[in-house]
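Residue indices begin at 1 and follow the sequence shown. Note that ligands are numbered from 1 as they come in the structure, with each ligand's atoms numbered from 1 the same way.
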Amino acid sequence: MSSRDHWKSKLGFILAAVGSAVGLGNIWKFPYVVGKNGGSAFIFIYLACVILVGIPILVVEIYIGKKSQLNPVGAFRFFQKGKLPFSLIGYAGVLCGIIILSYYSVITGWICHYLMLSFRGFSGTETEISEIFTDLNATPWLNIAWHTFVMVTVVAIIAKGVRNGIERVSKILMPLLGILLLMLVCYAVTLSGMKDAWHFLTYPDFSKVTPGSFLEALGTSFFTLSLGMGAMITYGSYLKGNVNITKSAVQIASVDTLIAFLSGLVIFPIVFSNGLEPSAGPGLIFKTLPVLFSKMPGGHIVSVAFFALVLFAAITSAISLIEVAVSFVVDEYKVSRMKALVIMGTVIWLLGILSAVSSWNVAGTSFLDLFDKIASCYMLPLGGLCTALVFGWAISNEQKKSEIGSSAFSTALLFAAKYISPVLLLLVFLKEIGLF
Ligand code: PHE
């Protein structure tokens with residue numbers, strides 16, 4: 001175990017964890033989910049979910065990883081009590097990471113394609129521009145080529161290890177992402193739609209909130225914080241020494257939420273300035289925005305900055321998804337990191353081909369949608385629920401307090417993790433499987 005790679009600095013860990021958290025979930029999913037659910041009222045619910053469930057579970061995952069110094073499967077086995085096979089939670093997490101990355105890599109491939117097109121600039125009529133997306137989807141070899149490119153890039157980064165690969169890349173890409181985002185916010189502030197966007201994002205209209213909004217808020221917060229499948233357990237396992245877990249979790253969740261909000265602040269002014277509906281759905285960044293980029297002054301540069309930003313965010317998340325599976329193979333089967341990477345990279349690449357060929361489907365649902373549904377609607381909340389239960393009921397208070405501390409804030413977090421989070425997660429899960 002002494003040969004385990006560790007983060008070089010606390011900042012490195014925070015940036016890598018933020019890199020995992022900030023991804024397509026923040027920039028692509030969050031704005032359209034907010035748009036669909038009526039704006040700021042949804043943001044309030046989302047914030048409540050982050051505070052009551054997201055941060056407590058984030059603390060729990062980092063704790064489980066740091067304490068055990070193992071991959072998710074080994075970590076849950078480490079806390080084994082009684083006869084229930086805790087390690088199954090870890091296996092489900094590894095599988096979930098493999099499933100998510102298989103389609104995440106395909107979507108990241110689309111971003112690469114749009115970034116390349118941005119360098120030339122978008123031009124043509126609205127229909128022509130939105131057809132780019134339809135054409136891309138109808139060209140399997142192109143999708144497979146981009147998917148391959150993304151997988152090779154991700155594998156090449158993490159082949160260098162935790163400290164020299166993940167930490168180094170996060171330290172470069174995360175500040176770059178911050179700069180690009182701030183530049184885009186400054187640009188968005190100058191647009192005529194900024195006033196409407198600000199109003200939309202900050203003036204709550206609770207009449208648009210439905211019971212489904214609560215579930216969507218919890219699901220989205222879980223996905224964007226990379227919870228429920230062991231990514232934060234894995235990153236926590238590369239921590240050693242004295243680290244304030246609660247403080248780290250609050251920092252990671254705050255930056256993640258801020259970036260999601262700022263992404264909305266970039267996207268909505270563009271949408272409102274052009275008189276469009278904010279609820280355009282998943283096609284928002286691939287169909288709507290490029291049309292707007294083609295029309296606005298300086299749109300060429302803005303689109304390059306925008307797609308580069310999304311690409312950086314997606315790559316650092318993809319890294320954390322594959323790292324879960326790689327750390328599992330390395331720890332459990334004692335093989336070299338390189339060998340584990342080749343095996344897992346190939347498995348995920350092959351699985352991703354199902355999502356890359358959009359004409360393949362199961363009963364009319366594409367593999368991409370199917371995998372997203374299975375992973376983010378069922379596996380993540382269920383994984384989070386099991387993690388909270390193990391932490392709340394199988395680990396002694398003394399053990400927890402030695403790492404998490406006994407300040408009033410830590411005690412409140414431990415209470416939330418034991419009682420509030422599992423109940424809310426159970427409700428989401430039961431609703432998802434249609435039990436009420
Ligand atoms: N948090 C990432 C995003 O917002 C996705 C992700 C989910 C990454 C689960 C790792 C684990 O895009």
Thr210/Ser213 under side chain to side chain donor-acceptor pair (under 3.5 Å): CA gap, chis, key distance, verdict: CA-CA 5 Å; Thr210 61; Ser213 311; 3.2 Å; yes

Pair Val209-Asn37, side chain to side chain contact (heavy atoms under 4.5 Å, CB included): steps then yes or no: CA-CA 6 Å; Val209 171; Asn37 287 283; over 6 Å; no

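Applying the 4.0 Å criterion to heavy atoms of Ser320 picks out, from ligand 1, the atoms 10 (C). Within ligand 1, counting atoms from 1 as listed, the ones closer than 4.0 Å to a heavy atom of Asn26 are 4 (O). Contact atoms of ligand 1 toward Thr224: 1 (N), 4 (O) (distance under 4.0 Å to a heavy atom of the residue). Taking a cut-off of under 4.0 Å to the non-hydrogen atoms of Ala21, the atoms of ligand 1 that pass are 1 (N), 2 (C), 3 (C), 4 (O). Atoms of ligand 1 found under 4.0 Å from any heavy atom of Ser317 (numbered from 1 in listed order, with element): 2 (C). Near Gly25, the atoms of ligand 1 lying under 4.0 angstrom from a non-hydrogen atom of the residue are 3 (C), 4 (O), 12 (O).
For ligand 1, the polar-atom distance check against Leu227 finds no nitrogen or oxygen pair separated by under 3.5 Å. The shortest N or O to N or O distance between Phe223 and ligand 1 is below 3.5 Å. An N or O contact shorter than 3.5 Å is missing between Leu225 and ligand 1 by distance. In terms of polar-atom proximity, Ala231 is not counted as a contact of ligand 1, lacking any N or O under 3.5 Å from an N or O of the ligand.
For atom 10 (C) of ligand 1, the nearest non-hydrogen atom of the protein is Ser226 OG, 3.3 Å. The shortest contact between atom 2 (C) of ligand 1 and any protein heavy atom is with Ser20 O, 3.4 Å. Looking only at heavy atoms of the protein, atom 12 (O) of ligand 1 is closest to Tyr104 OH, 2.5 Å.
Across all non-hydrogen atoms, the minimal contact from Ser20 to Ser320 is OG-OG, 2.9 Å.
For the ring-ring contact (aromatic ring centres under 6.0 Å, His included) with Trp393, the qualifying choice from Phe86, Phe79, Tyr419 is Tyr419, the only one to do so. Checked options Thr220, Thr224, Asp256; the residue passing with Asn26 is Asp256 (criterion: side chain to side chain donor-acceptor pair (under 3.5 Å)).
Ligand 1 lies nowhere less than 4.0 angstrom from a heavy atom belonging to Trp28.
A 4.5 Å side-chain heavy-atom check between Leu218 and Pro381 finds every atom pair outside the cut-off.
Taking the ring centroids of Phe328 and Tyr91, they lie under the 6.0 Å cut-off.
A donor atom on one side chain and an acceptor atom on the other are not found under 3.5 Å apart for Ser327 and Asp331.
Annotation: cation-pi geometry not satisfied between Lys67 and Phe78 (NZ/CZ under 6.0 angstrom from ring centroid, within 45° of ring axis).
Remark: Glu216 does not engage Lys431 in a salt bridge, criterion side-chain N to carboxylate O under 4.0 Å.
No part of Lys29 comes within 4.0 Å of ligand 1, judged by heavy-atom distances.
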